[in-house]
Amino acid sequence: MKLKPNWELKNCCNHDQVVFLVTVGVCTVVILALWRTILLRPFKLVTVFLHEASHAIACKLTCGHVEGIQVHADEGGTTQTRGGIYWIILPAGYLGSSFWGMVLILASTNLLTARIAAGCFVVALLIVLCVAKNWTLRGLCIGFVVFLGVVWVLQETTKIRILRYIILFIGVMNSLFSVYDIYDDLISRRVHSSDAEKFAEVCPCPCNGVGWGIIWGFISLVFLCGAMYIGLVILS
């Protein structure tokens, strides 16, 4: 018997959907409450890591060369690239980190996909560790590999089954921080060295950096809302 996706979300919400919505809400409240505390710093740096990794992926996909990646303790980062298609590489950072946030949220809806996401994340951290140019990024990669490894062992050997919730938390954190970062860097203030300002210079469209920031911010919100909607469909 073939089941059709419940795109209309009829008879919403069942137990799994309620747990999903409540967990996302709790994650959001915790993130906002701890936003300026040191407890959230590692997860913010993970978002910066995914931002810079997205630049690197776009560079490689457009036949460029990645010379190095840095993530700084002040939540900044840089990716040194050579070649590739510049107007694809530039927006890949903000939009890529938003996309990965959506992927992680969706992966958390099932234990198997959560395991796959955690495994892929660990592999990505180990790959980036090889091209990391500063100790903040190296420490972040090693720290999260150990952290996810411990969570995985607890998941498989004890009754502490939190892998799905950790993946969901990282996904929600990444989505929220990406939207905030776009607003802070590209809309509320003009940083002339930002990706959006550089993109405005190379793109023939009559739009300045702030305009591109608004567009990228809207796309990031679509990713977040899309993750919520598709997650409910998957769980229906």
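Both backbone and side-chain heavy atoms feed into the values below; hydrogens, waters and symmetry mates do not. In this text the structure is predicted, and so the values were computed from the model without any measurement.
The minimum heavy-atom distance between Val179 and Ser220, with the atom names listed, is CG2-CB, 3.9 Å. Across all non-hydrogen atoms, the minimal contact from Pro42 to Phe144 is O-CE1, 3.6 Å. Nearest heavy-atom pair across Gly213 and Ile182 is O-CG2, 3.2 Å. The nearest pair of heavy atoms linking Ala56 to Val66 is O-CG2, 3.6 Å. Residues Leu148 and Ala118 share a closest heavy-atom pair of CD1-O, 4.4 Å. Closest heavy-atom contact between Ile105 and Val172: CG1-N, 3.9 Å.
Contact annotation: the side chain of Gln17 approaches that of Ser236 to within less than 4.5 Å [non-hydrogen atoms, C-beta and beyond]. Side-chain contact between Leu163 and Arg115: present, with at least one pair of heavy atoms (C-beta onward) separated by less than 4.5 Å. Contact annotation: the side chain of Leu90 approaches that of Lys198 to within less than 4.5 Å [non-hydrogen atoms, C-beta and beyond]. Looking only at side-chain heavy atoms (C-beta outward), Tyr86 and Thr62 stay at 4.5 Å or farther from each other. The closest side-chain heavy-atom distance from Trp100 to Val103 is below 4.5 Å. For the pair Leu137/Gln70, no side-chain contact is recorded, criterion being any heavy-atom separation below 4.5 Å from C-beta on. Between Leu154 and Val151, every side-chain heavy-atom pair lies at or beyond the 4.5 Å cut-off.
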Leu21 vs Leu232, test: side-chain contact (heavy atoms from CB on, under 4.5 Å). Steps then yes/no.
CA-CA 8 Å; Leu21 291 173; Leu232 290 174; 3.8 Å; yes
Leu111 and Gln155: side-chain contact (heavy atoms from CB on, under 4.5 Å), yes or no, with the steps?
CA-CA 10 Å; Leu111 180 56; Gln155 172 74 35; 3.5 Å; yes
Please assess Val145 against Leu126 for the test side-chain contact (heavy atoms from CB on, under 4.5 Å), listing each intermediate value before the final yes or no.
CA-CA 8 Å; Val145 167; Leu126 292 174; 4.1 Å; yes
Please assess Leu168 against Leu104 for the test side-chain contact (heavy atoms from CB on, under 4.5 Å), listing each intermediate value before the final yes or no.
CA-CA 6 Å; Leu168 178 61; Leu104 290 172; over 6 Å; no
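Aromatic pair Tyr180/Tyr183: ring centres not closer than 6.0 Å. Phe177 and Phe43 have their aromatic ring centers separated by at least 6.0 angstrom.
Tyr165 is not connected to Ile170 by any chain of hydrophobic side-chain contacts under 4.5 Å among Ile, Leu, Val, Met, Phe, Trp and Tyr, and they are in different clusters. Note: the hydrophobic cluster containing Trp135 does not contain Phe147 (ILVMFWY, side chain heavy atoms under 4.5 Å, direct or indirect links). Following chains of ILVMFWY side-chain contacts shorter than 4.5 Å, one can reach Phe169 starting from Ile160, so the two form part of one hydrophobic cluster. Follow the hydrophobic side-chain contacts under 4.5 Å out from Val123 and you never reach Ile69; the two are in separate clusters. When the side chains of ILVMFWY residues are joined at heavy-atom separations under 4.5 Å, either directly or via intervening members, Leu224 and Val26 end up in a single hydrophobic cluster.
Asn134 places a side-chain N or O within donor-acceptor distance of the main-chain N or O of Val71, the cut-off being under 3.5 Å. Proximity of a side-chain donor or acceptor of Ser98 to a complementary backbone N or O of Tyr94 within less than 3.5 Å is detected.
For the residue pair His55/Asp195, the side-chain donor-acceptor check at 3.5 Å is satisfied. Between the side chains of Thr47 and Asn174, a donor-acceptor pair is found at a separation under 3.5 Å. Residues Glu52 and Ser54 bring no donor and acceptor atom of their side chains to less than 3.5 Å of each other.
A cation-pi arrangement is present between Lys44 and Trp35 under the rule of less than 6.0 angstrom and at most 45 degrees off the ring axis.
Expressed to the nearest 0.5 Å, how far SG of Cys130 lies from CZ of Arg138 amounts to 10.5 Å. Taking CG from Leu221 and OG from Ser178, the interatomic distance works out to 10.5 Å, rounded to the nearest 0.5 Å. Taken from CE in Met102 to SG in Cys225, the straight-line distance is 12.0 Å, to the nearest 0.5 Å. With values rounded to the nearest 0.5 angstrom, Leu39 atom CG is found 12.5 Å from Ile31 atom CD1. For the atom pair CG (Leu125) and SG (Cys120), the distance works out to 11.0 Å, reported to the nearest 0.5 Å. The distance from atom CE of Met173 to atom OG1 of Thr28, rounded to the nearest 0.5 Å, is 10.5 Å.
Counting only residues at least two apart or in different chains, salt bridge (Lys or Arg N to Asp or Glu O under 4.0 Å) contacts with residues 81-100 comprise Glu67-Arg82. Applying the salt bridge (Lys or Arg N to Asp or Glu O under 4.0 Å) rule to pairs touching residues 13-31 yields nothing, sequence neighbours excluded. Applying the salt bridge (Lys or Arg N to Asp or Glu O under 4.0 Å) rule to pairs touching residues 23-41 yields Arg41-Glu75, sequence neighbours excluded.
For Trp216, the side-chain hydrogen bond (donor to acceptor under 3.5 Å, both in side chains) test picks out no residue, with sequence neighbours left out. Under the rule for a side-chain hydrogen bond (donor to acceptor under 3.5 Å, both in side chains), Arg164 has no partner lying at least two apart in sequence or in another chain. Every residue was checked against the side-chain hydrogen bond (donor to acceptor under 3.5 Å, both in side chains) condition with Ser175, not counting sequence neighbours, and none meets it.
Below 30°, between 30° and 60°, or above 60°: for Phe49 and Phe121 the angle between ring planes is between 30° and 60°, a tilted geometry.
For Phe218, the CZ atom is loosely surrounded, since the number of other residues' heavy atoms within 6.0 Å does not exceed 12.
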